[in-house]
Amino acid sequence: MSIITLTTDFGLNDWFVGTMKGVILRIHPHAAIVDLTHGIPSGDIRAGAFALAAGYRYFPRGTIHVAVVDPGVGGPRAGIVVQTAEYFFVGPDNGVLSLALRREKVKTIRRLENARCFLQPVSNTFHGRDLFAPVAAHLSRGLRCPRLGPVFKDHVRLSWPQCAVPPGALRGEVICLDRFGNAITNIENEHVSPADAVGMFVRGQAFVPVKSFYQAVPKGKPVAVPGSSGFLEIAVNGGNAARRLKLKIGTAVLVKRRRG
Amino acid sequence: MSIITLTTDFGLNDWFVGTMKGVILRIHPHAAIVDLTHGIPSGDIRAGAFALAAGYRYFPRGTIHVAVVDPGVGGPRAGIVVQTAEYFFVGPDNGVLSLALRREKVKTIRRLENARCFLQPVSNTFHGRDLFAPVAAHLSRGLRCPRLGPVFKDHVRLSWPQCAVPPGALRGEVICLDRFGNAITNIENEHVSPADAVGMFVRGQAFVPVKSFYQAVPKGKPVAVPGSSGFLEIAVNGGNAARRLKLKIGTAVLVKRRRG
Amino acid sequence: MSIITLTTDFGLNDWFVGTMKGVILRIHPHAAIVDLTHGIPSGDIRAGAFALAAGYRYFPRGTIHVAVVDPGVGGPRAGIVVQTAEYFFVGPDNGVLSLALRREKVKTIRRLENARCFLQPVSNTFHGRDLFAPVAAHLSRGLRCPRLGPVFKDHVRLSWPQCAVPPGALRGEVICLDRFGNAITNIENEHVSPADAVGMFVRGQAFVPVKSFYQAVPKGKPVAVPGSSGFLEIAVNGGNAARRLKLKIGTAVLVKRRRG
């Protein structure tokens, strides 16, 4: 069974996502469609890229990942399909696929140009329904990438905060706030072990201890833990860290290590 | 595989939608259930009717569309199943099905009366679970409509704003606001071509150019485009038109054409 | 086909739920996954327990119900699987399963300890993905409970408001507010028949008539009806009872009966 995942900023209050599923099922009635999330803030390509990167690799080999955060729909940006060693990725070439692709072995990129694979007539405002959903459905039925369009040299990459590594410290920033108010940073878990870290400074001030799990601090206290997405995250045990520590996307953090 | 779509105002925070799916799967374990949307504002029959009308026709022939926006549940309104040339529609007879049915060739309407097709005991407050879900499940297994109840003469039709056509202009109104703040009007795309239109006046004042796609105007500027639901919609390139232009359901619009 | 239901407080705006589904499908590509709800307020074990209890029994025999409202993740609380006469239940042992289990015939409880059934490495912050999803997937493929871990003597039970029964009256409280603003009480339908009840007093003051359905009172008026979850609920015909009557979790109610 072919799995198609959907990551969009369409929300669930309109008929957009359901419509994409209808289009897929008309082409491939046995496709298994899984929502990764449709709650990406409108037009926030970086948030979409992060959600896709955080979730895609838990799916079976061969899964087709569709990501549509597409404020440039109808304009000149290309639509692409990217085949990697393990997966397919389908979406607009605006960077929304790029964070996931950083970790994958890219085999080929094609520009979506074969109009026979699209839903006709193609609108200028809803390529999720008219381009990306039908392309994913055709792929899930076994269509090979070359039939979708010509080779595409490169794809748009988001610039992404890099975690700087001064001696004895790691400098990073908040890149995502989740529903629980946890703030995910760009400092990868593998660079910090709780045993090794003196602690984290938020905005150069607030001190947050680095521990292995939320309950290692008393209820209501902040803590930094190696998070499930692979990055250090700031939480409050039983509370909401984003609200409590006024954390935002871009808030600077610094992890102090015992030995440089 | 039989597909059942669900359109409701139940939201996703309670157990209502999940429960409907359980009821369906108990009757037909292989039914494929697709959410069209559950985000219809509570009791807003018109919004439900519009979402169903905007999305239903992208599904495969034979799909069973269930729509439950049902403020009159437990009262005298009938439950009905409508068979059209392409689909089945199941829901309360309060108009929620009527916009979709306007475009379909209706073959037969039946009033749901066969209690053996319902979940017993039938509550007075949740016919989505007790009537409409089991009826859809039985249909998806091949049950024929006559077994569900007697022929029903007619169904409730929503009155719907008609787009008036004065010479040289089209008079309409906003009928739906989507998640992106785009305002969908009741002026059908086929009546307006961007080449032909001088522009749109909102509330007789604000002038909005009519273009083919969002990016045809500078970022932050309003634009009217032929929308993906088949109606002219008002957007702001990279912004939120509803907020920016204070658009509401019912806001009057007028499209001025070059030639009457 | 094995059905797995998911009840969590993960919301739908992040990638958490989608990721759990990926993990399940990697282990069992043909599992049918149904969302009961992911809208439980963060960390609200009682709300999760109520949603599960309200919905689980509408699913087919053999369904595997996963409930993850888990503020103690990473701490000492156990993960358990409970086999009952009809279903499996998987989740943290913090009471979230306990309301559903009150109605079920429990056959065996096991503590999840077999690391070979988990997603490795197991994080300290996301057992929904790393423990409960893979365990459910293995169960859906036919894995037997003894292979998951040792017998677990007992499980955490939530204390739950009991409906007191003074002569001629039933004393209870609000235990859940749904999306429509209906307030579900802990007074079971079978203890009250509309014919028998004089009416309900909210907070010892506001009088609400007990009727069989919402429309038995004029539009805009409050009414108590036997609800679809099995409990008496307070509604406003065409309105929002929680807002109108300022109802909260814990608001006291008293049903006066004609005969004690």
Side-chain angles (χ1 to χ4, degrees), chain B residues 1 4 6 8-35 37-45 68-77 92 94 119-134 137 179, chain C residues 1-3 5-7 9 11-12 17 30 32-41 47-48 50-63 65 87 176-182 184 189 194 211-216 219 223 225-230 232-233 235 237-240:
Chain B
M1 178 149 54
I4 296 170
L6 305 179
T8 79
D9 64 348
F10 293 155
L12 293 170
N13 288 342
D14 299 305
W15 55 90
F16 304 134
V17 172
T19 304
M20 285 179 72
K21 294 179 181 173
V23 169
I24 291 169
L25 293 169
R26 241 180 9 181
I27 294 168
H28 187 185
H30 294 282
I33 309 169
V34 179
D35 301 311
T37 177
H38 301 288
I40 304 301
S42 297
D44 189 337
I45 296 169
V68 191
V69 181
D70 195 13
V73 61
R77 67 99 189 91
N94 60 13
L119 182 70
Q120 294 297 346
V122 172
S123 72
N124 281 319
T125 58
F126 193 2
H127 286 187
R129 179 192 69 190
D130 303 337
L131 261 80
F132 305 123
R179 150 178 240 219
Chain C
M1 179 151 52
S2 295
I3 295 166
T5 79
L6 305 179
T7 303
D9 64 348
L12 293 170
V17 171
H30 295 282
I33 309 170
V34 179
D35 300 312
L36 189 50
T37 177
H38 300 287
I40 304 301
F50 190 79
L52 180 65
Y56 81 93
R57 68 185 183 283
Y58 295 95
F59 285 82
R61 196 183 160 86
T63 292
H65 295 292
Y87 299 110
C176 179
L177 302 169
D178 77 13
R179 151 179 238 220
F180 297 96
N182 297 338
I184 301 170
N189 290 340
K211 302 286 183 185
S212 295
F213 57 104
Y214 301 140
Q215 295 79 15
K219 219 155 192 186
V223 61
V225 302
S228 64
S229 319
L232 209 61
E233 69 186 44
N237 182 9
N240 184 305

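We name chains A, B, ... by the order of the sequence lines, and we start the count at 1 in each one. All values below come from the heavy atoms of this structure, side chains included, with hydrogens, waters and symmetry mates left out.
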task = Mind checking the CG-NZ spacing from C:Leu36 to B:Lys21? Nearest 0.5 Å is all I need.
result = 10.0 Å
key: Validation row: B:Thr125, C:Phe213 side chains within 4.5 angstrom (heavy atoms)   = no
task = Name the member of C:Gly55, C:Ala216, C:Ala51 that forms the most heavy-atom pairs with chain B at distances under 4.5 Å.
result = C:Ala51
message = With a 4.5 angstrom heavy-atom cut-off, is it the side chain or the backbone of B:Leu119 that approaches chain C, or both, or neither?
response = side chain
Residue part contacting chain B, namely of C:Pro226, when any heavy atom lies under 4.5 Å = backbone
message = What part of C:Ile184 gets within 4.5 angstrom of chain B, counting heavy atoms only: side chain, backbone, both, or neither?
response = side chain
key: 4.5 Å side-chain heavy-atom contact, B:Trp15 and C:Ser229   = yes
remark   = Ranked by heavy-atom pairs below 4.5 Å to chain C, first place among B:Ser123, B:Pro71, B:Gly11 goes to B:Gly11
ask   = chain C heavy atoms under 4.5 Å from B:His38: which part of the residue, side chain, backbone, both or neither?
value = backbone
message = I'd like to check C:Arg179 versus B:Phe10 (side-chain heavy atoms, cut-off strictly below 4.5 Å). Are they in contact?
response = no
query = Quick one: are C:Ile3 and B:Leu25 in side-chain contact, heavy atoms under 4.5 Å?
reply = yes
message = When you compare the side chain of C:Asp178 with that of B:Phe16, does any pair of heavy atoms fall below 4.5 Å?
response = yes
request  = Drop me the distance from C:Tyr58's OH to B:Ile24's CD1, to the nearest 0.5 angstrom.
outcome  = 14.0 Å
note = Note: vs chain C, highest number of non-hydrogen pairs under 4.5 angstrom among B:Ile27, B:Asp14, B:Asp130 is B:Asp14
ask   = So which part of C:Thr5 gets closer than 4.5 Å to some heavy atom of chain B, the side chain, the backbone, both or neither?
value = neither
Under 4.5 Å from any heavy atom of chain B - which part of C:Leu12 = side chain
remark   = Greatest number of non-hydrogen atom pairs under 4.5 angstrom with chain C, of B:Gly43, B:Pro76, B:Gly75, falls to B:Gly75
message = When you compare the side chain of C:Phe180 with that of B:Asp9, does any pair of heavy atoms fall below 4.5 Å?
response = yes
task = Name the region of C:Arg57, side chain, backbone, both or neither, that has any atom closer than 4.5 Å to a heavy atom of chain B.
result = backbone
inquiry  = I'd like to know if the side chain of B:Arg129 reaches the main chain of C:Ser228, judged simply by a donor and an acceptor atom lying under 3.5 Å from each other, with no hydrogens or angles considered.
reply    = yes
